[in-house]
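Here's the structure we're looking at; comments come further down.
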2 protein chains.
Amino acid sequence: MATPRRRATIHDVAEHAGVSIGTVSRALNDRTGVHPDTRLRVLASAAALTYDPDKAARELSNRRAVDIALSVAHGYRRLTPFFGLFLQHLSEQLAVEGLQVREVASGDDGLPVRDADAFVLLDAHPDDPRIGHLARLGRAFVLVGHAHDVRCVAADDVAGGRIAAEHLLRLGHVDSVHLTADLHAQAFADRAHGFATAFEAAGAGQPTTIVADDASTLGGYRAMRAHLEGGTRPGAVFAATDELAIGCVTAAADLGMRVPSDLSVVGFDDLPELGARLTTVRQDIALLARETVTLLHEALAGAAVRAVRLPVTLVSRGTTAERRNR
Amino acid sequence: MATPRRRATIHDVAEHAGVSIGTVSRALNDRTGVHPDTRLRVLASAAALTYDPDKAARELSNRRAVDIALSVAHGYRRLTPFFGLFLQHLSEQLAVEGLQVREVASGDDGLPVRDADAFVLLDAHPDDPRIGHLARLGRAFVLVGHAHDVRCVAADDVAGGRIAAEHLLRLGHVDSVHLTADLHAQAFADRAHGFATAFEAAGAGQPTTIVADDASTLGGYRAMRAHLEGGTRPGAVFAATDELAIGCVTAAADLGMRVPSDLSVVGFDDLPELGARLTTVRQDIALLARETVTLLHEALAGAAVRAVRLPVTLVSRGTTAERRNR
DNA sequence: ACATTGCACGTAAGCGCTTTCAGCACGTCA
DNA sequence: TGACGTGCTGAAAGCGCTTACGTGCAATGT
């Protein structure tokens with residue numbers, strides 16, 4: 001049975017290596033002024049004892065115990081795969097700096113419940129009450145998404161819509177439709193705008209927009225299926241989300257259409273598993289996380305508010321093809 | 001602009017209240033030996049300074065810096081609303097004890113990447129490689145779900161299936177079907193088993209089982225729709241999940257059937273938003289979180305392995321009704 | 001009257017770590 | 001030879017907190 005192992009401390013390592021704790025600390029943290037031989041000896045001892053520095057002690061000593069609270073609009077209940085991934089990258093990114101997400105919660109009123117040093121707001125509409133709340137309290141926060149006059153970061157959604165349009169246009173799909181959900185959400189509005197603008201600029205007219213009940217795969221499926229069954233048979237669809245796109249693909253398949261020969265579909269996000277085969281507008285979630293952390297530091301330092309837009313790229317996979325004559 | 005506020009320390013509070021730091025600590029932690037008046041004064045000072053004790057320092061002092069890693073099978077990518085809620089309760093529960101989930105991650109190989117003191121495994125099949133891995137390492141862990149010979153906790157799925165059956169039977173639905181996904185998952189297998197057993201015990205025969213491609217709302221929708229379109233029109237369906245149930249309800253609606261008059265549906269889990277109107281088998285997620293923490297402590301203490309089953313209850317809402325003659 | 005209790009509180013040690021500072025053993029330059 | 005770096009290391013302070021331990025004081029007992 002697992003003996004309740006006592007964690008090795010820096011003292012144990014020091015003793016084992018025959019040096020002082022100061023030297024161990026320096027060696028382990030790549031500080032200068034340690035003889036190479038000594039460093040090696042310390043490293044070996046640390047490995048031998050499976051030494052794992054105590055986070056709390058390290059934080060305390062570093063006096064960089066920054067509490068970072070992550071606030072998701074509806075708790076985890078509506079956590080999308082996208083935000084799930086983001087979260088993972090965020091905590092990895094913070095771990096690099098020895099920081100960490102301390103708590104993940106928001107009260108029933110939607111307001112962050114904890115008095116942290118800094119907040120990351122997910123899933124916020126521009127008029128989200130949390131923004132005013134935090135601003136009023138003078139707390140550091142960064143919004144993942146977009147709003148005016150607040151520190152925020154998000155993909156360049158307009159550009160995303162545009163490159164989706166250009167891709168489709170290049171393939172000859174002048175009769176594309178746009179499948180989205182809740183245009184009240186800034187990201188969706190921007191993507192729709194970028195898409196429509198590019199179409200008009202190309203003289204292809206205003207594309208039809210289908211609004212699903214929600215941004216789930218089911219939402220996308222039903223909206224698309226209804227549209228397809230309505231008689232109109234567009235050659236391509238740009239879905240505002242990979243999940244919506246999956247719904248599209250599934251709906252098309254259920255109606256006997258083939259993707260991409262009968263219907264091209266391009267998604268948005270590039271979620272690993274979900275869209276492994278999907279042509280989609282990729283946003284770099286790792287980069288998003290890194291930028292979030294940067295902004296977090298700026299917020300803590302009291303720097304000027306700025307909004308950052310992250311580039312997106314189109315990754316062409318199996319769900320788009322040239323328009324066939326019909 | 002938010003001045004980079006310096007956090008108040010226990011010394012500030014002590015000075016403000018005109019007492020020593022020891023007294024502040026005792027007052028704030030409900031220790032005995034503090035005069036009621038003094039306690040009040042300290043509390044007031046703490047509030048005035050918005051004092052928020054430094055977690056790191058507290059942990060260090062308490063030497064209960066227990067690293068608890070939460071391991072989700074596929075990262076957050078497949079985090080279901082159910083596990084999302086569970087996570088929330090778990091971190092709340094741990095917060096009560098001054099503990100916290102330190103990291104939430106699993107490597108690309110699916111194995112937990114961090115060397116924590118204890119692990120919470122979500123979403124694990126009984127033959128999940130993580131179980132053997134952790135056991136081999138002699139690490140403390142608890143599995144949320146079921147498997148043989150490991151410390152685990154889960155709802156009483158068999159009973160859940162049974163009470164769903166009894167509810168439906170009581171309403172006269174002898175022609176119920178069971179909608180599930182991936183019977184390889186222990187929970188789903190158990191629910192199906194409980195359901196079928198109760199039906200047979202009542203002399204109602206073996207209920208039809210429909211297996212959806214996945215446990216999403218879309219999966220439930222498509223499976224149910226296909227079944228319904230196939231001609232058979234069951235009077236009721238027991239879905240292994242609230243999400244599947246939502247899919248059912250939606251499919252029925254899309255086919256012009258009315259719930260519950262044409263089709264009764266009962267779900268499983270009782271997720272707040274999702275199933276607000278759903279008749280469902282409720283599991284107490286908060287309790288699940290509490291039990292998880294209890295088992296975690298047992299694991300850390302090296303107690304004997306035990307598996308716990310949590311009771312479930314049927315909550316009857318708007319999606320079930322008595323069988324009509326047809 | 002004094003010794004004894006018990007309560008409320010202050011003092012200080014210590015949790016495991018980082019980092020400054022001083023010291024020591026060299027070598028270098030005049 | 002002595003004054004001076006230079007490179008490496010140990011000692012010790014301190015991060016913010018909890019918690020023995022000790023002390024002063026009033027209340028109690030004799």
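A note on names: the letters A, B, ... follow the listed sequences, proteins ahead of strands, and every chain is numbered from 1. This is a predicted model, so every value here is computed, not measured.
- Contacts of R306(A) classified as side chain to side chain donor-acceptor pair (under 3.5 Å), with partners at least two apart in sequence or in another chain: E298(A).
- When the P atom of dG10(C) is taken as reference, atom CZ of R31(B) falls 17 Å away, rounded to whole Å.
- Annotation: salt bridge (charged side-chain N to carboxylate O under 4.0 Å, His left out) contacts of R39(B) (sequence neighbours excluded): D30(B).
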Writing each nucleotide of DNA chain C 5' to 3' as (, ), [, ], | or . by Watson-Crick or G-U pairing under 3.5 Å yields ||||||||||||||||||||||||||||||
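- Distance, L60(B) CG to dC15(C) C1': 4 Å, rounded to whole Å.
- Nearest nucleotide to the D54(B) side chain, out of dC17(D), dC15(D), dT18(C): dC17(D).
- Rounded to whole Å, atom P of dG16(D) lies 13 Å from atom CG of D52(B).
- The distance from atom CD1 of I10(A) to atom P of dG14(C) is 18 Å, rounded to the nearest whole Å.
- Protein atom CG of D30(B) is 17 Å distant from nucleotide atom P of dC17(D), rounded to whole Å.
- Applying the side chain to side chain donor-acceptor pair (under 3.5 Å) criterion to S45(A), with sequence neighbours excluded, gives no partner residue.
- Checked against side chain to side chain donor-acceptor pair (under 3.5 Å), R282(A) has the following partners two or more places apart in sequence or in another chain: D270(A).
- Looking only at side-chain heavy atoms (C-beta outward), V19(B) and T38(B) come within less than 4.5 Å of each other.
- Residues that satisfy the salt bridge (charged side-chain N to carboxylate O under 4.0 Å, His left out) test with R290(A), not counting sequence neighbours, are absent from this structure.
- The interatomic distance linking H11(B) (NE2) with dC17(D) (C1') rounds to 9 Å, in whole Å.
- For A57(B), whose side chain is taken as the heavy atoms from C-beta onward, the closest listed nucleotide among dT18(D), dC17(C), dC17(D) is dC17(D).
- Considering only side-chain N and O atoms, R58(A) lies under 4.0 angstrom from the phosphate OP1 or OP2 of dT18(C).
- By the side chain to side chain donor-acceptor pair (under 3.5 Å) test, H146(A) pairs with R309(A), sequence neighbours left out.
- Residues passing the side-chain contact (heavy atoms from CB on, under 4.5 Å) test with D149(B): none are found, sequence neighbours excluded.
- Distances shorter than 4.0 Å separate some side-chain N or O of S25(A) from OP1 or OP2 on dT18(C).
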Polar-atom pairs under 3.5 Å, protein N or O versus N or O of nucleotides 9-12 of chain D: list them with distances, or write none.
{"residue": "dT9(D)", "atom": "OP1", "partner": "T38(A)", "partner atom": "OG1", "Å": "2.3"}
{"residue": "dT9(D)", "atom": "OP2", "partner": "H35(A)", "partner atom": "N", "Å": "2.8"}
{"residue": "dT9(D)", "atom": "OP2", "partner": "T38(A)", "partner atom": "OG1", "Å": "3.4"}
{"residue": "dG10(D)", "atom": "OP2", "partner": "S20(A)", "partner atom": "N", "Å": "2.9"}
{"residue": "dG10(D)", "atom": "OP2", "partner": "S20(A)", "partner atom": "OG", "Å": "3.1"}
{"residue": "dG10(D)", "atom": "OP2", "partner": "T23(A)", "partner atom": "OG1", "Å": "2.8"}
{"residue": "dG10(D)", "atom": "N7", "partner": "R26(A)", "partner atom": "NH2", "Å": "3.1"}
{"residue": "dG10(D)", "atom": "O6", "partner": "R26(A)", "partner atom": "NH1", "Å": "3.2"}

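- To the nearest angstrom, P of dG16(D) lies 10 Å from OH of Y51(B).
- Listed here is the closest heavy atom pair of A147(B) and C152(B): O-SG, 3.8 Å.
- The interatomic distance linking L28(A) (CG) with dC17(C) (P) rounds to 9 Å, in whole Å.
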